Each structure stands twice: as C-alpha cells, then as structure tokens.
Amino acid sequence: MRLIKLNIEGIRNLNNVQLSLNPQFNFFFGSNGSGKTSLLEAIYLLGRGRSFRTTNLPSVINRNRQHCTVSGLLLAEGGRQIRMGVTRDLGGQFNFRVNGVAVQTASSLAAELPILLFNADTFALLNGGPSQRRAYLDWAVFHVEQSVRVLWQRYQRALKQRNNLLRHDKMDGHIDVWDAELAKLAGEINQKRRKAAERLFALIPQVLTTFEEVPQVNFAYYQGWDEEQDLQDVLKANLESDKKRKATNYGPHRADVKIMAGEERAPAKEVLSRGQQKILVSAMQIARGRLLADVANRKSVYLLDDLPSELDREHRLKLARLLKTMDAQVLITGVDSAELRMEPVVGEEEFALFHVEHGTVVTAN
Ligand SMILES: Nc1ncnc2c1ncn2[C@@H]1O[C@H](COP(=O)(O)OP(=O)(O)OP(=O)(O)O)[C@@H](O)[C@H]1O
Ligand SMILES: [Mg+2]
C-alpha cells in the first residue's frame, strides 16, 4: 500500500496542501511549529479516522474553519488504485469515503490504509502502563485471530456485570455464574493471545539483529492471572479483595508483556539507553508491519515523527536500511534536512524531500 497523492485542507495550520509522494521514502523538514507533525496527523486521520495527538478532534480542525478534509490516492498491492477521503466538521460529523462510496466505520479505512506510527509516545510501550502493551499485543491478536473480537466483547460484558455486583455488594449467589462465564471466555481469549504473542515476539529479535549492539531483549507474556490456576478458582480465592477494590483484579483484562533486556534480564526501560529504547520500540513497530505482511499480505505505511532526535547517524542509517527491506512507504519528519537525507542507504531516486514552512509544504529535492 502506497500513498501517491495527498490533499489536506484545514488540519491545524495546514490549510491547503497538495503533494505527490515518493513510493519509498519521503522526508519532511522544517522549524518547530511549521506543521510536520500535523502532516502525519492528517495521514493518520485518513487511515484510522482519528488523531494520534488528541481525542478532542475539533482541536485538529484549523481554528478559522468549520471542517477539515484529507483525501488521498493509494496504490494497492497488485496495482489497484483507491481513492480515500475523510471529512470531519466542528459538530462531530464524520464522512469516510472509499472510491466515492461512504463507509460507516474507521476500521474500513484501516483495512485499506494500514498505518504504523513511531513518535515520542511510542516509548510508552516500554515506560507506560500495561494497557499500552496490551493494545500492542491485541492489535496482533485481532489481525491473526479475527474471531477474538466477538469473544472479547462478550468478556467485557461479563466483566461489567461482575464489577457491578462487586460495587453494589449484592451478590445473591449470582457472582458464581459470571465467574464461570469469565473463566470460559478468558481461556479462549488467552489461547489466541498467546499464539499471536509468540508469533509477534519471534519477529522482534529478527528485526533487532541489524542492531547487534542493543543488548539481548526478552518478551514474556503475562496472561493476567497465575498460569498454574484456573481463572474461576483465582476469582473465588480473591473475592474479598475484589469486593474491597470494587473491581476484578485478575483476568485477561490485566494481561501484560514483560520486556527485559541484557544478561541480568532487568526491565528494558531501566537498562537500555534512550537511543537503544528508540531502536527497540521501532523494531517492535516494524515487527507489526512484518506480521501484517505475513498474515494479510498488506504493506503498511510507516510514519516516523522526528526520527533524528536521539539517534546518531549510524543508527539512523541502520533503521533506514531496515525500513528499506520492508519495501514499504515511509514518511519521516525532522527539523534539519541534513539529518534526514539517508545517503547512501536511500538513493536519489528513492526519496522525495519536502520543506514545511508556516503550514505550506514544498518540494525541496
Ligand atoms: N487548530 C489549529 N488551528 C491552527 N493552527 C494550529 C491548530 N492547532 C495547532 N496549530 C499550530 O499548528 C502549527 C503546527 O504544529 P505541528 O505540531 O505540526 O508543528 P511541527 O512542525 O511538528 O513542530 P515541532 O518541530 O515543534 O514538532 C503550530 O504552530 C501550532 O501552534
Ligand atoms: Mg512535531
């Protein structure tokens, strides 16, 4: 999947941007506040129907406008061309179109334009709470094992019922019914998650081999309760503490991924340097791209916001080489154009360079 043409109207300071993109690398440079992140935000909106910066979408719309529009022409695997468009107004009205036909959900967009984003928030995979890592894992589960979606919805409904009983302290024996239901669904979800986790985690060290100086990293899946026990028994044994906390403390909704590094197997966030962390989280994103290419034969578009920061030239080039092996389209932003050019890894014909200045974007190579 490659984005060959892009039009942006009314996304933050980008009022009228029309670009022809390179099918391989696209570099955007410009001063702070010029509109680089907004450009990636616009593409993300086209592929996901939402922003990566905010859940408050009106703030994405240019402050002098009533609505924003992003549209693009995509070249799919096999040469098929797809027109996509997203419009959103201040009142919250959304309009998604694929080849001129309205589609109802953002997931229909993602099916056409899979996007993988790397920015400062991606570090949360290492430094943030378990929910970030669960989301990372579940993205893979949903792609490898689509049937998990229905199981997950049923699990969430049952969990809500159990938590309601805990909150109002009126169990009347009903809690056993929900425990049994939760345990049954948890077993099925866990099996699928574990399978997807193994597949995804096997890809990350392969990606990391390019960076032999990054200490060995290990990924361990925690299922959300003691592996030796049935969830129903765990729920029963912890009923009193669940009642006190008015919430269910064990189950797949508490799953996590433990990421350890080095011989001492200490948490990666404690032993890896900031640059090494950036390489690791980038490798985790690239592994996602590989998984999607393997299971669905779809190539993602990679968005890297402010790649140069915290990486020296050698590591930038290594990352570029790795992205090149993915044979996918890449958009990279940075302040300084000299730091973005990736010769000799990315040759003259393989990239487009753009200067972003006060909300305008012009070709610079
Ligand atoms: N709703 C809006 N309407 C108009 N302009 C906005 C709106 N929201 C933000 N801006 C402005 O848009 C500009 C572009 O911001 P953006 O984050 O894209 O810059 P950037 O090039 O990524 O900068 P940096 O290098 O600092 O990351 C900023 O000047 C910002 O203040
Ligand atoms: Mg920015």
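One-based numbering, in listed order, for ligands and for the atoms of each. Just so it is clear, the model here is predicted, and its values are computed rather than measured.
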Colleague: When clusters are formed by joining ILVMFWY residues with side-chain heavy atoms under 4.5 Å apart, either directly or through shared neighbours, do V234 and Y222 land in the same one?
Modeller: yes

Colleague: Check this for me - ligand 1, V335, N or O atoms closer than 3.5 angstrom, yes or no?
Modeller: no

Colleague: Could you identify the single nearest non-hydrogen protein atom to atom 25 (O) of ligand 1 and state the distance to 0.1 Å?
Modeller: K36 NZ, 2.7 Å

Colleague: Taking both backbone and side-chain atoms of G30, is any N or O found less than 3.5 Å from an N or O belonging to ligand 1?
Modeller: no

Colleague: Nearest to atom 11 (C) of ligand 1, what protein heavy atom do you find, and at what distance?
Modeller: N13 CB, 4.3 Å

Colleague: Check whether more than 12 heavy atoms from other residues, nucleotides or ligands sit under 6.0 Å from atom CD of Q156, and answer yes or no.
Modeller: yes

Colleague: Is the closest heavy atom of S34 to ligand 1 under 4.0 Å?
Modeller: yes

Colleague: Given side chains that start at C-beta, do those of V207 and R290 come closer than 4.5 Å, heavy atoms only?
Modeller: yes

Colleague: Is the Mg ion (ligand 2) under 2.8 Å from any N, O or S atom of T37?
Modeller: yes

Colleague: Would you tell me whether N22 and R2 have side-chain atoms, one donor and one acceptor, within less than 3.5 Å of each other?
Modeller: no

Colleague: Looking only at protein heavy atoms, identify the closest one to atom 18 (O) of ligand 1 and say how far it is in Å.
Modeller: S38 OG, 2.5 Å

Colleague: Under 4.0 angstrom from ligand 1, any heavy atom of G359?
Modeller: no

Colleague: Report yes if the distance between the aromatic ring centroids of W139 and H143 is under 6.0 Å, otherwise no.
Modeller: yes

Colleague: Among all protein heavy atoms, pick the one closest to atom 28 (C) of ligand 1 and tell me residue, atom and distance.
Modeller: G33 O, 3.5 Å

Colleague: Are any of the side-chain heavy atoms of D294 and R199 separated by less than 4.5 Å?
Modeller: yes

Colleague: Who passes salt bridge (Lys or Arg N to Asp or Glu O under 4.0 Å) against D306, sequence neighbours left out?
Modeller: none

Colleague: Heavy atom under 4.0 Å from ligand 1: found in V356's side chain, backbone, both, or neither?
Modeller: neither

Colleague: For atom 31 (O) of ligand 1, is some protein heavy-atom partner under 4.0 Å away?
Modeller: no

Colleague: Answer yes or no for R149 and F142: cation-pi contact, defined as NZ/CZ to six-membered ring centre under 6.0 Å and angle to ring axis within 45°.
Modeller: yes

Colleague: Determine whether any heavy atom of E41 lies closer than 4.0 Å to an atom of ligand 1.
Modeller: no

Colleague: When you measure from atom 17 (O) of ligand 1 to every protein heavy atom, which one gives the shortest distance, and what is it?
Modeller: R53 NH1, 2.8 Å

Colleague: Below 4.0 angstrom, N of the basic side chain to O of the carboxylate: do E350 and K324 qualify?
Modeller: yes

Colleague: Is a salt bridge present between K36 and D305, judged by a nitrogen-to-oxygen distance below 4.0 Å?
Modeller: no

Colleague: Starting from atom 8 (N) of ligand 1, which protein heavy atom do you reach first, and at what distance in Å?
Modeller: R12 NH1, 3.3 Å

Colleague: Examine the proximity of ligand 1 to H358 and report which part, side chain or backbone, both or neither, has a heavy atom under 4.0 Å away.
Modeller: neither

Colleague: Backbone N or O of R63 within a donor-acceptor pair of the R12 side chain at under 3.5 Å?
Modeller: no

Colleague: Look at atom 10 (N) of ligand 1 and say which protein heavy atom is nearest, naming residue and atom and giving the distance to 0.1 Å.
Modeller: R63 NH2, 3.8 Å

Colleague: Report the nearest protein non-hydrogen atom to atom 27 (O) of ligand 1: residue, atom name, distance rounded to 0.1 Å.
Modeller: T37 OG1, 3.9 Å

Colleague: Which atoms from ligand 1 have a heavy atom of I61 less than 4.0 Å away?
Modeller: 1 (N), 2 (C)

